[in-house]
Amino acid sequence: MKIGIIVALSVEHEQLAKLLENKAEREEFPFKYVEGSMGGNEIILTQCGIGKVNAAMGTVELIRQYHPDCIINTGVAGSIDPCIRVMDVVVGERVIYHDVDCGPGNGFGQVQGCPNYFDAEPALWSAAFRPHYMEEGSMWLGTITSGDQFVEDPGQVEYIKSHIREGMAVDMESGAIAQVCYIYQVPFVSIRIISDAPGDDKLRFQQYTDFWGELAHRSFGVTQKILEGFPTEL
């Protein structure tokens with residue numbers, strides 16, 4: 001199976017590129033691609049950049065350039081649930097925007113003409129949801145919320161949770177990637193490692209910074225296990 005993997009940050013890209021075998025690099029402006037293999041699957045890795053526009057562009061180009069059988073979005077996210085802590089992993093059974101309002105007749109977070117929630121491919125989330133892979137922390141299956149905000153203020157978390165009570169994590173790319181995959185009919189799943197979590201909310205950005213200094217290598221080991229165990233066909 002040909003799997004496209006898309007991440008936002010260079011540090012995420014570096015962590016995942018290390019895991020690939022038989023690597024080759026290719027550039028097609030404005031994106032760079034690392035072609036390789038893992039667990040019997042062909043992998044195409046790219047970095048899109050932060051935010052919905054970058055994520056949408058990166059996903060469209062990944063689809064156009066490589067025609068993957070599925071797309072995995074991975075990287076870090078913030079927790080918006082007090083039960084979900086730093087180093088936990090959230091596998092997105094579905095994704096919803098938290099910053100979209102198309103007016104009357106549309107649900108909260110719904111882009112008119114699209115579903116309110118973008119459902120991940122069941123075969124993908126079921127393959128990714130492997131709690132026994134976790135050496136520390138927990139793995140969760142549920143709803144990822146997405147928007148063009150770094151969410152660190154308790155008021156932001158409260159606002160999102162007031163509309164999406166089941167929301168577990170928040171990021172800046174999953175919604176756009178899910179929407180593009182919905183339009184192009186490409187199966188997708190989002191797998192997010194928690195880098196910052198509720199608690200002392202004044203320190204959330206410091207949590208995020210510390211994650212990259214101390215915890216990233218250990219947490220991306222879970223991503224490696226997930227990818228190595230992925231099926232070779234849907």
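Sequence positions, counted from 1, serve as the residue numbers for this chain. Heavy-atom basis, side chains included; hydrogens, waters and symmetry copies ignored.
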Please step through side chain to side chain contact (heavy atoms under 4.5 Å, CB included) for the pair Met168 and Ile80, ending with a clear verdict. CA-CA 5 Å; Met168 291 183 171; Ile80 54 172; 5.7 Å; no
Test salt bridge (charged side-chain N to carboxylate O under 4.0 Å, His left out) on Glu136 and Arg85; report intermediate values, then the result. CA-CA 11 Å; Glu136 53 186 303; Arg85 310 304 301 166; over 6 Å; no
One pair to check against side-chain hydrogen bond (donor to acceptor under 3.5 Å, both in side chains): Asn22 and Ser37. What are the steps and the verdict? CA-CA 6 Å; Asn22 308 310; Ser37 60; 3.0 Å; yes
In sequence, state the C-alpha distance, the side-chain angles, and the governing distance for Ile5 and Leu16, and then conclude on side chain to side chain contact (heavy atoms under 4.5 Å, CB included). CA-CA 9 Å; Ile5 301 179; Leu16 289 173; 4.1 Å; yes
Apply side chain to side chain contact (heavy atoms under 4.5 Å, CB included) to the pair Met57 and Phe31, showing each step before the final yes or no. CA-CA 9 Å; Met57 289 173 56; Phe31 298 107; 4.0 Å; yes
Begin from the C-alpha positions of Glu166 and Arg94 and carry the test side chain to side chain contact (heavy atoms under 4.5 Å, CB included) through to its verdict. CA-CA 11 Å; Glu166 77 282 12; Arg94 57 184 189 168; 2.9 Å; yes
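Atom CD of residue Glu121 and atom CG of residue Leu234 lie 6.0 Å apart, to the nearest 0.5 angstrom.
Between Phe108 and Tyr159, the angle of the ring planes goes over 60°, which puts this pair in the perpendicular group of the 30/60° scheme.
Lys161 places a side-chain N or O within donor-acceptor distance of the main-chain N or O of Gly167, the cut-off being under 3.5 Å. In this structure a side-chain-to-backbone donor-acceptor pair under 3.5 Å is present from Asp99 to Asp148. Judged by distance alone, the side chain of Thr143 and the main-chain N or O of Val95 form no donor-acceptor pair under 3.5 Å. Looking at Glu12, its side chain does come within 3.5 Å of a backbone N or O of Val76 through a donor-acceptor pair. Side chain of Gln110 to backbone of Cys114: a donor-acceptor contact under 3.5 angstrom is found. At least one donor-acceptor pair closer than 3.5 Å links the side chain of Asp88 to the backbone N or O of Ser138. Listed for the Glu158 side chain is no donor-acceptor partner under 3.5 Å among the backbone atoms of Gly155. At least one donor-acceptor pair closer than 3.5 Å links the side chain of Glu173 to the backbone N or O of Gly51. Ser79 contributes a side-chain N or O that, together with a main-chain N or O of Ile84, makes up a donor-acceptor pair within less than 3.5 Å.
Nearest approach of Pro231 to Asn41, heavy atoms of both residues: O-ND2, 3.0 Å. Of all the heavy atoms in Gln15 and Leu19, the pair that sits closest is O-CG, 3.5 Å. The minimum heavy-atom distance between Cys70 and Leu124, with the atom names listed, is CB-CD1, 3.8 Å. Contact record, Gln47 with Ser10: NE2-N, 3.2 Å, taken as the closest heavy-atom pair. The minimum heavy-atom distance between Asn116 and Gly109, with the atom names listed, is ND2-C, 4.0 Å. Considering all non-hydrogen atoms of both residues, Thr74 and Ile191 come closest at OG1-O, 2.7 Å.
No side-chain heavy atom of Ile50 sits less than 4.5 Å from a side-chain heavy atom of Phe150. For the pair Tyr33/Glu28, a side-chain contact is recorded, criterion being any heavy-atom separation below 4.5 Å from C-beta on. Using a 4.5 Å heavy-atom threshold, the side chains of Ile44 and Ile3 count as separate. Residues Ile164 and His98 meet the side-chain proximity criterion, which asks for heavy atoms closer than 4.5 Å.
At a cut-off of 3.5 Å, with distance as the only test, no side-chain donor of Ser146 or Ser174 sits close to an acceptor on the other residue. Inspection of the Tyr97 and Gln179 side chains reveals an N or O donor paired with an N or O acceptor under 3.5 Å. There is a side-chain donor-acceptor pair under 3.5 Å between Tyr66 and Arg26. Under 3.5 Å, the side chains of Gln156 and Glu152 contain no donor-acceptor pair of N or O atoms.
Residues Met134 and Val86 share a single hydrophobic cluster, defined by chaining ILVMFWY side chains whose heavy atoms lie under 4.5 Å apart. Under a hydrophobic-cluster definition in which Ile, Leu, Val, Met, Phe, Trp and Tyr are linked whenever side-chain heavy atoms come within less than 4.5 Å, directly or via other members, Leu20 and Leu9 are assigned to the same cluster. Cluster membership for Ile96 and Val90, using ILVMFWY side-chain heavy atoms within less than 4.5 angstrom, is not shared.
Test Ile72, Val180, Thr46, Asn54 against Ile6 for side chain to side chain contact (heavy atoms under 4.5 Å, CB included) and you get one pass: Thr46.
The pair Lys225-Glu228 does not count as a salt bridge, with every side-chain nitrogen at least 4.0 angstrom from each carboxylate oxygen. Glu35 has no carboxylate O lying under 4.0 Å from a charged side-chain N of Lys2, or vice versa, which leaves the two without a salt bridge.
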